[in-house]
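Each ligand, and each atom within it, is numbered from 1 in the order the structure gives. Keep in mind that this is a model prediction, so the values were computed, not measured.
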Amino acid sequence: MLFATRTLAAASARAFSTSAAQNAAKVAVLGAAGGIGQPLSLLLKANPAISHLSLYDLFNTPGVAADLSHINTPAKVTGFLPDNEGLKQTLEGAQIVVIPAGVPRKPGMSRDDLFNTNAGIVRDLATACAQYCPKAHVLVIANPVNSTVPIVAEVFKKHNVFDPRRVFGVTTLDVVRASRFVSENQDTNPADTNITVVGGHSGVTIIPLFSQTPGLKLNESDLKALTHRIQYGGDEVVKAKNGGGSATLSMAYAGARFTNSLLDATVNGKKGIIEPTYVKSDVLAKEGVEYFSTKVELGPNGVEKIHGLGELSAHEQALLKEAIPELKKNIQKGYDFAHKTE
Ligand code: NAD
Ligand code: LMR
């Protein structure tokens, strides 16, 4: 009965359709019924550069799709479940795939504690992407990002479809937080408070580079407090939600910002679009770090140019030194997982 209801609901969700815009992309969201997936899909529905918003989850996507499909923006919205080759239908023709599918933290957990559950989810979804939309840009939100991005890359390599310009770890929330926290501290407008954040997406691997913001002068205690707050901002939300999950709304905002920037570069042909993102990178090749987040210029094929670290203060050099072994461990863990079933 449940199966029949879902099948019917999926079929009716497929029927929802508005006319597709020209020069616009099909964007798939995997994990679309979740805490991030729903508000992220809502924000994406507003972007006219999306012709088709294709939602996938283990439950409730037909309902979410039906709801979003009433919003008077061009994107057609469809919702699929695992039955009836739902994942295949979700992914076929997608130019961008955003992956917030996976379990969130509870108080006391690290992001790495999510690895055992989320690594398999991401591997399986990446396998489907490699099969059904091998040229899509894949935006990984599921934690631990430091490890899940290498998993996606290795799965794509196995299928001979890996293009390092098209696999991204979404670290945008770290710069969104940095901007907000520093603007609170400095009494400035967050819109004009741009803070470079490099590294990875967990604790010590998150490295704010305050010295690169012109005119920003922080005293020693603010420097330490803000660095800690940016590195552990996720914990604040996990603690406040008290077992109810981690950041969803701010993440949806950050995920939409990154997706919209990529759409600007790929669909709207805009130049000079720069976002921080965790990608395969040579910035720390000498140290043996294969994936790293710095500012990245986006272009029609995804990564156009990876910016270097720039000049670092002594404080920032110390943070980088601390981050490197943790990042290497996280990357290796993802790599080993992707290869262990060979
Ligand atoms: P959630 O539990 O609210 O939603 C996750 C959704 O994924 C659920 O609806 C679930 O059904 C779905 N799902 C699970 N397995 C799936 C599969 N195999 N296929 C499709 N869908 C599947 O969790 P959330 O709060 O949305 O967080 C999702 C992930 O995002 C977590 O891993 C979290 O740690 C991570 N996250 C990352 C960042 C970041 O900055 N990159 C920020 C916040 C959260
Ligand atoms: C965040 O930074 O908010 C996310 O990575 C979720 C988490 O577990 O903290």
Side-chain angles (χ1 to χ4, degrees), residues 6 28-42 54-61 63-64 79-83 86-88 90-91 97-129 138-149 151-152 168-178 180-181 197 199-203 205-206 229-241 243-259 275-278 293 330:
R6 281 184 170 175
V29 180
L30 312 183
I36 296 167
Q38 290 203 36
L40 172 62
S41 301
L42 170 65
S54 186
L55 311 182
Y56 178 80
D57 203 307
L58 306 180
F59 70 100
N60 205 25
T61 34
V64 175
F80 293 101
L81 298 168
D83 56 9
L87 189 49
K88 180 176 183 217
T90 304
L91 294 174
V97 181
V98 193
I99 310 185
V103 292
R105 285 197 284 165
K106 291 194 187 315
M109 291 173 82
S110 71
R111 291 183 185 79
D112 188 55
D113 291 334
L114 304 172
F115 186 94
N116 286 344
T117 309
N118 289 353
I121 293 173
V122 171
R123 177 200 53 205
D124 295 348
L125 295 175
T127 302
C129 291
V138 179
L139 281 48
V140 186
I141 292 175
N143 271 317
V145 167
N146 294 358
S147 306
T148 49
V149 168
I151 291 173
V152 173
F168 308 88
V170 182
T171 54
T172 326
L173 183 53
D174 300 318
V175 293
V176 165
R177 282 186 179 132
R180 176 65 200 167
F181 297 165
V197 183
H201 178 67
S202 72
T205 72
I206 300 171
R229 192 164 183 218
I230 292 162
Q231 291 185 321
Y232 295 94
D235 296 38
E236 281 183 25
V237 183
V238 171
K239 196 169 165 219
K241 290 197 174 178
S246 55
T248 53
L249 303 173
S250 50
M251 182 58 233
Y253 174 88
R257 167 175 145 176
F258 187 76
T259 312
E275 287 287 354
T277 171
Y278 181 78
S293 176
N330 296 161

Is there any protein N/O under 3.5 Å from an N/O of ligand 1, and what does the full list of such pairs look like?
residue, atom, partner, partner atom, Å
ligand 1, 3 (O), Gly35, N, 2.8
ligand 1, 7 (O), Gly102, N, 3.4
ligand 1, 9 (O), Gly34, N, 3.3
ligand 1, 9 (O), Asp57, OD1, 3.3
ligand 1, 9 (O), Asp57, OD2, 2.7
ligand 1, 11 (O), Asp57, OD1, 2.6
ligand 1, 26 (O), Gly35, N, 3.4
ligand 1, 26 (O), Ile36, N, 2.9
ligand 1, 32 (O), Val103, O, 2.9
ligand 1, 32 (O), Asn118, ND2, 3.1
ligand 1, 32 (O), Asn143, N, 3.2
ligand 1, 34 (O), Asn143, ND2, 2.9
ligand 1, 36 (N), Asn143, ND2, 3.4
ligand 1, 40 (O), His201, NE2, 3.0
ligand 1, 41 (N), Ile141, O, 3.1
ligand 1, 41 (N), Val170, O, 3.2

May I ask you to decide if [Y]'s main-chain N or O and [X]'s side chain share a donor-acceptor pair within less than 3.5 Å?
X	Y	value
Thr148	Ala142	yes
Ser54	Ala28	no
Thr61	Phe80	yes
Tyr56	Gly86	no

Legend entry - Candidate list Asn330, Thr172, Asp174, test side-chain hydrogen bond (donor to acceptor under 3.5 Å, both in side chains), partner His201, passing option: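 It is Asp174; the other options fail the test.
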Inset, instruction - Could you tell me whether Tyr253 atom OH has more than 12 heavy atoms of other residues or ligands within 6.0 Å of it? - result: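 12 or below, so no.
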Legend entry - Within the protein, residues bringing a heavy atom under 4.0 Å of ligand 2, chain by chain: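 Answer by chain and number: Arg105, Arg111, Asn143, Leu173, Arg177, His201, Gly234, Ser246, Ala247.
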Legend entry - Ser250 side chain reached by Leu173 side chain, heavy atoms, under 4.5 Å: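 A side-chain contact under 4.5 Å exists here.
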Legend entry - Contact check, side chains of Thr248 and Lys241, non-hydrogen atoms, under 4.5 Å: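 A side-chain contact exists here, since the closest heavy-atom pair is under 4.5 Å.
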Inset, instruction - Identify the residue among Ile141, Leu249, Val98, Val170 that makes a side chain to side chain contact (heavy atoms under 4.5 Å, CB included) with Ile36. - result: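 So the option named by the test is Ile141.
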